[in-house]
2 protein chains.
Amino acid sequence: MVPLSRKSPVPPDRCNLARAVDQIGDRWTLLILRSALYGVRRFDDFQTELGTPRTILSGRLKSLVDSGLLAKRTYKVEGRRARPEYVLTTKGEALRPVLIALNQWGDQWLESEGQPPISFTDSQSRQAVRIAFVTEDGREVSVENMRIVLRR
Amino acid sequence: MVPLSRKSPVPPDRCNLARAVDQIGDRWTLLILRSALYGVRRFDDFQTELGTPRTILSGRLKSLVDSGLLAKRTYKVEGRRARPEYVLTTKGEALRPVLIALNQWGDQWLESEGQPPISFTDSQSRQAVRIAFVTEDGREVSVENMRIVLRR
DNA sequence: CAGTATCCGGTCTGATACTG
DNA sequence: CAGTATCAGACCGGATACTG
């Protein structure tokens, strides 16, 4: 357990965690990203699946495009009318490990009946996959062995 | 890239990621958890550091206690008046990897001047630590090699 | 310190409807 | 489909103040 402290080692206004929270730490934003990571791309698909009020969804999608997490593109299938779609950028795709980690936390700590409905495996070994911290050369590090390094 | 799909493979109401978002996917809640993971425990310390309106902070702390992420305890130092404090439970502590992962995402994707103010290393090898997916026996799996497994 | 009370203006939620 | 418009009620954010 971290000892009691009066203040965090990094003040929120210079903390990239706090800044990340400012950018995506919002219920609808996170749910939209969840759907996007599962391949949902269109306005009405987000709306139907999440039940987001259309006004709010419109605003959130704009913010996500502004902050570079989604790209708004036009999707054209021959013989059909062009449609807008919202696709994850590299920056948005980079959140996948974060959301998978949160999913695993939910699997473990939110009581639910039966097995979790979804899990991840290695396509080669077919073993279950979990999130972990590793050194540069790929050795696993337990949370207890992690040290905070402050720059200043 | 995940292919276009009309719907997520798991509907939000049965998805542990969506349920986790319902529980902690809120700006203040996430910021409070950030501070808590850094050892902050007292009402006014949260309030000063985050600038949360006192009314809101009060409510959020109650929710966090209700959902089992924080425990409200009484902290007694001899010769001083007893004080309430909010300490992370095991369930709350289990969110540490999630928030570290989000911190690392912020380090990489939120432009900021200079080096990130904080980073993590292995206390043994002193190497930098990053988040990764591993199999049960600790071998790293790339995101491209991960397969979704649906139960039902 | 650790809250609760109150007030105000703004945003969100939810519902419904309209348009290209 | 993909939005925008509108409206009512709830909750939030920010400020200030009061209490044990």
Side-chain angles (χ1 to χ4, degrees), chain A residues 4-7 12-13 18-19 21-33 35-36 39-67 70-87, chain B residues 4-7 12-13 18 21-36 39-67 70-87:
Chain A
L4 180 149
S5 65
R6 314 301 309 278
K7 288 165 44 178
D13 54 309
R19 297 171 63 221
V21 168
D22 282 338
Q23 191 153 118
I24 64 159
D26 161 81
R27 188 178 128 77
W28 289 122
T29 300
L30 287 166
L31 291 175
I32 291 166
L33 287 170
S35 294
V40 175
R41 296 188 192 173
R42 300 212 283 246
F43 190 94
D44 271 27
D45 291 339
F46 286 114
Q47 203 281 323
T48 302
E49 168 160 302
L50 300 175
T52 318
R54 308 181 72 80
T55 332
I56 306 296
L57 178 59
S58 175
R60 291 297 199 286
L61 289 173
K62 275 190 180 60
S63 306
L64 284 164
V65 170
D66 283 351
S67 51
L70 294 179
K72 183 174 185 175
R73 299 193 315 202
T74 299
Y75 184 72
K76 186 86 175 68
V77 176
E78 53 165 87
R80 296 218 191 153
R81 163 161 66 109
R83 300 174 188 289
E85 62 171 6
Y86 298 87
V87 190
Chain B
L4 179 149
S5 64
R6 315 301 308 276
K7 287 166 44 178
D13 54 307
V21 167
D22 282 339
Q23 192 154 118
I24 64 159
D26 162 82
R27 188 178 128 74
W28 290 121
T29 300
L30 287 166
L31 292 174
I32 291 166
L33 288 170
R34 185 202 79 105
S35 294
V40 175
R41 297 188 192 173
R42 300 212 284 247
F43 190 93
D44 271 26
D45 292 339
F46 286 114
Q47 202 281 320
T48 303
E49 168 159 304
L50 300 174
T52 318
R54 308 180 74 79
T55 330
I56 305 296
L57 178 58
S58 175
R60 291 298 197 285
L61 289 173
K62 274 190 179 62
S63 306
L64 283 165
V65 170
D66 283 348
S67 51
L70 294 179
K72 183 174 188 175
R73 299 194 314 204
T74 300
Y75 184 70
K76 186 89 175 66
V77 176
E78 52 166 89
R80 295 217 190 152
R81 160 162 68 106
R83 302 172 186 290
E85 62 172 5
Y86 298 88
V87 190

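A, B, ... follow the sequence lines: proteins, then strands. Residue 1 opens every chain. Please read these numbers as outputs of a predicted model, since none were measured by experiment.
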Practice prompt. Determine which pairs satisfy salt bridge (charged side-chain N to carboxylate O under 4.0 Å, His left out) with at least one residue from residues 73-82 of chain A, sequence neighbours left out, and list them in order.
Written response: A:Arg73-A:Glu85

Worksheet entry | d(CD, A:Gln47; C1', D:dC1) in whole Å | 12 Å

Discussion item. In this structure, which stretches of DNA chain C are paired as stems of three or more consecutive Watson-Crick or G-U pairs, both distances less than 3.5 Å?
Written reply: C:1-20 with D:1-20

Worksheet item: In B/S/- notation, 5' to 3', how is nucleotides 14-20 of chain C contacted by protein heavy atoms closer than 4.0 Å?
Response: BB-B---

Worksheet, complete the sentence: The nucleotide from C:dT4, C:dC1, D:dC1 with an atom nearest the side chain of A:Asp44 is D:dC1

Fill in: Side-chain heavy-atom pair B:Val40, B:Ile32 within 4.5 angstrom cut-off
no

Worksheet item: Which of residues 71-80 of chain A have a heavy atom under 4.0 Å from DNA chain C?
Response: none

Practice prompt. For B:Pro84, check side chain to side chain contact (heavy atoms under 4.5 Å, CB included) against everything at least two apart and list the hits.
Written response: B:Lys72

Worksheet item: For A:Arg27, what residues pass the salt bridge (Lys or Arg N to Asp or Glu O under 4.0 Å) criterion, not counting sequence neighbours?
Response: B:Asp22

Discussion item. Nearest whole Å is fine: how far is D:dC11 C1' from A:Asp26 CG?
Written reply: 14 Å

Item to complete: Give a yes/no on whether any side-chain N or O of A:Ser58 is located under 4.0 angstrom from OP1 or OP2 of D:dT4.
Response: yes

Discussion item. Using whole Å, what does the distance between atom P of nucleotide C:dC1 and atom CZ of B:Arg41 come to?
Written reply: 15 Å

Worksheet item: For A:Phe46, which contact category applies under a 4.0 Å heavy-atom criterion: base, sugar-phosphate, or nothing?
Response: nothing

Discussion item. Among residues at least two apart in sequence or on other chains, which ones pass side chain to side chain contact (heavy atoms under 4.5 Å, CB included) with A:Ser67?
Written reply: A:Gln23, A:Leu69

Worksheet item: Taking CD1 from A:Ile32 and P from C:dC12, how many angstroms apart are they, rounded to a whole number?
Response: 12 Å

Worksheet entry | Whole angstrom value for the distance that separates C1' of D:dG3 from CZ of A:Arg83 | 13 Å

Item to complete: Please figure out whether B:Arg60 or A:Lys62 has its closest DNA chain D nucleotide nearer the 5' end.
Response: A:Lys62

Fill in: Any pair counted as salt bridge (charged side-chain N to carboxylate O under 4.0 Å, His left out), so long as it reaches residues 46-55 of chain B, sequence neighbours left out
B:Arg34-B:Glu49, B:Asp44-B:Arg54

Fill in: With B:Arg83 via salt bridge (Lys or Arg N to Asp or Glu O under 4.0 Å) - residues at least two apart
none

Discussion item. Could you work out, with side chain to side chain contact (heavy atoms under 4.5 Å, CB included) as the rule, every residue matching A:Asp26, not counting sequence neighbours?
Written reply: A:Trp28, A:Thr29, A:Arg60

Worksheet item: Between C:dT13 atom P and A:Leu57 atom CG, what is the distance in whole Å?
Response: 11 Å

Discussion item. If the condition is side chain to side chain contact (heavy atoms under 4.5 Å, CB included), which residues does B:Leu30 pass it with, not counting sequence neighbours?
Written reply: A:Val21, B:Ile24, B:Leu99

Worksheet item: Given atom CZ of A:Arg42 and atom C1' of D:dA2, what is their separation to the nearest angstrom?
Response: 11 Å

Practice prompt. Compare all side-chain heavy atoms of A:Ser35 with those of A:Leu50 and state whether any distance is below 4.5 angstrom.
Written response: yes

Fill in: Nearest heavy atoms of B:Pro12 and B:Ala18, plus distance in Å
O-CB, 3.2 Å

